[in-house]
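First comes the structure, then the notes that go with it.
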Number of protein chains: 2
Amino acid sequence: MKSIEEDPGPGVGPDPRLPLHARIKDDLLRRIRAGEWNGTTPLPPESSLADSYEISIGTLRRVLGELATEGILERQQGRGTFVRRASFQNSLYRFFRVQGQEGQTPLSRILSRTPETADSVLAAALNVRLGSGLLHMRRLRLWNEHPFLIEDIWLPLPRFDAVAQADLSDLGPLLYPAYERLACVVVGSATEELSVVAATATQAALLSVAPDTALVRISRSALTHAGEIMEYRESHGVANSFRYRVEIS
Amino acid sequence: MKSIEEDPGPGVGPDPRLPLHARIKDDLLRRIRAGEWNGTTPLPPESSLADSYEISIGTLRRVLGELATEGILERQQGRGTFVRRASFQNSLYRFFRVQGQEGQTPLSRILSRTPETADSVLAAALNVRLGSGLLHMRRLRLWNEHPFLIEDIWLPLPRFDAVAQADLSDLGPLLYPAYERLACVVVGSATEELSVVAATATQAALLSVAPDTALVRISRSALTHAGEIMEYRESHGVANSFRYRVEIS
DNA sequence: CAGTGGTCTAGACCACCTT
DNA sequence: AGGTGGTCTAGACCACTGA
């Protein structure tokens, strides 16, 4: 329990010329990134947060509303306000037009799981030192026994030792819940980048297409709430099964 | 000037169980789509809007704030609240990595401008009857005399007669301001769809690549504020100069 | 039932733009 | 100077959740 004297009060934030709500928002973002609330425990109720910041409840509600709109927080009437996990609603993956029922998760088959050392590309992607230990997993995604996506996944060691040693059947089709269970790491956000490349011989064989067929490559960096890169992933799928839509306004 | 009796009051909106702010928002969206304010004339001031809806200014401000966040309205302190044109900040076009200074508009060269009749694909894309009149323009975009994008643009006639007859030098590199000037049509929003195709012989020649090179195709449907499709556009660029990023949270 | 977030109000004061 | 949107407050009442 905090005393009022410990609390930063309305003076928080770097630039006192900023509006009050902006400074409060910055401070809340800082505390979320610091892991003060972990996704299962709610933030303090509005009234108590407003008191501790010494602002009116209306101003605090404006800040919480903005953070909810941005997908950082999730508000549930009667229950409380929670830090949200990354939802991957916007993920580019979803735009491979594959034959399969809506809402179902495709089958996944882990082809390999081997320790590696970081080359310069991976060291940069994961923000680790050259030559440090990584876990590399290669996975195939399939609909009705028909492969449509190859995933190469790299995780830093020793942080993910538990994933390296877990029974493969413990991992299941969704890896992020497994990371949380085994290594206590939660995905807070991610960045994906799309590009088009020609299939290597290996990729072509796995996807049963001709070599040099155009593939869509999606590179994903997944971050913790604190902003540390926890996973780097490259996925390749056949380009002519890919459609992506954007709304502009 | 409206009398209070004419105004819909707080009872507007289809479902009276909806919160007040949601019903007001629906009504404002309807009036925006109906073209009640055209982008240069401001909406009535907050106080007068709140009075005419018989709601408090705080509730009205909430609605206007949401519409501004969604990019529908633009608020300018001291000036007023305006309906926004489409900004194309999110356009997929921007992700062709071309050599050229930031912020500059690439050169454009109109290769052809011919009347056509709508085939089934174009009729569906522009929501017009099969066989109705269209204007087809083909345009090349270049950086330093190096072509990187082919654009095929279709406009419904007779609405865009003025564009069909204007001097080509009147069109300039940006078409949407020209549509507004010549045909009094403003873009309110747009949808873009990305796919990957193989270059035809003609496309390959124009872009000086080998036939069957992978191209990124971007199909764009541009809409008026009223939701009518005013332009359909297909653009093709070399796929390996394309990079697209998405943030996920 | 107590506690949470959701809605709505009424009004004060400030910062900015136009005239 | 007058009018616009921007900030902030204080409080009433409602709807939902969980024990």
Side-chain angles (χ1 to χ4, degrees), chain A residues 1 7-13 15-28 32 37 39-84, chain B residues 1 7-13 15-28 32 37 39-84:
Chain A
M1 174 123 165
D7 281 319
V12 296
D15 190 340
R17 293 168 305 178
L18 251 46
L20 195 44
H21 64 85
R23 282 177 289 164
I24 303 295
K25 185 172 176 180
D26 286 349
D27 192 63
L28 279 174
I32 290 167
W37 308 286
T40 58
T41 62
L43 273 64
E46 299 180 339
S47 54
S48 117
L49 262 183
D51 283 352
S52 69
Y53 279 119
E54 296 176 31
I55 59 172
S56 84
I57 201 157
T59 304
L60 182 80
R61 278 187 56 76
R62 167 169 176 174
V63 174
L64 295 181
E66 283 176 10
L67 290 171
T69 302
E70 294 165 22
I72 315 268
L73 294 180
E74 178 172 3
R75 314 198 72 190
Q76 295 180 32
Q77 192 176 48
R79 303 215 326 119
T81 302
F82 300 84
V83 176
R84 262 191 32 181
Chain B
M1 173 123 165
D7 282 319
V12 296
D15 190 340
R17 292 168 305 177
L18 252 45
L20 194 44
H21 64 84
R23 283 175 290 164
I24 303 295
K25 186 172 175 179
D26 286 349
D27 192 63
L28 278 173
I32 291 167
W37 309 286
T40 58
T41 63
L43 272 65
E46 299 180 341
S47 54
S48 117
L49 263 182
D51 283 350
S52 68
Y53 279 120
E54 296 176 31
I55 58 172
S56 85
I57 200 158
T59 304
L60 182 79
R61 279 187 56 76
R62 166 170 177 175
V63 174
L64 295 182
E66 284 176 10
L67 291 171
T69 302
E70 294 166 22
I72 314 267
L73 295 180
E74 178 172 3
R75 314 197 70 187
Q76 295 179 32
Q77 192 174 50
R79 303 218 323 120
T81 301
F82 301 84
V83 176
R84 261 188 36 176

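Everything numeric in this text was worked out from a predicted model, so none of it was measured. Throughout, a chain's letter reflects where its sequence line sits, starting with A, and its residues are numbered from 1.
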Distance, nearest 0.5 Å, that separates CG of B:Asp51 from CD1 of B:Ile57: 8.0 Å

Sugar-phosphate only, base, or nothing, as touched by A:Arg61 at under 4.0 Å among non-hydrogen atoms: base

Sugar-phosphate only, base, or nothing, as touched by B:Ser47 at under 4.0 Å among non-hydrogen atoms: nothing

Below 4.0 Å: OP1/OP2 of C:dT7 and any side-chain N or O of B:Arg62: yes

Min side-chain heavy-atom separation B:Leu73-B:Val83 under 4.5 Å: yes

Atom pair distance, as rounded to whole Å: NZ in A:Lys25 and P in D:dT7: 11 Å

4.5 Å side-chain heavy-atom contact, A:Leu64 and A:Leu28: yes

OP1 or OP2 of D:dG5 under 4.0 Å from side-chain N/O of B:Thr81: yes

Short side-chain N/O contact from A:Ser56 to OP1 or OP2 of D:dA10, under 4.0 Å: no

Candidates D:dC8, C:dG5, C:dT18 - which lies nearest the side chain of B:Arg79: C:dT18

Length of the CD-P vector between A:Gln77 and C:dA2, whole Å: 18 Å

Separation of D:dA10 C1' from A:Leu60 CG (nearest whole Å): 15 Å

Derivation of the salt bridge (Lys or Arg N to Asp or Glu O under 4.0 Å) call for B:Arg79 and B:Glu74: CA-CA 11 Å; B:Arg79 303 218 323 120; B:Glu74 178 172 3; over 6 Å; no

Whole angstrom value for the distance that separates C1' of D:dA15 from CZ of A:Arg75: 14 Å

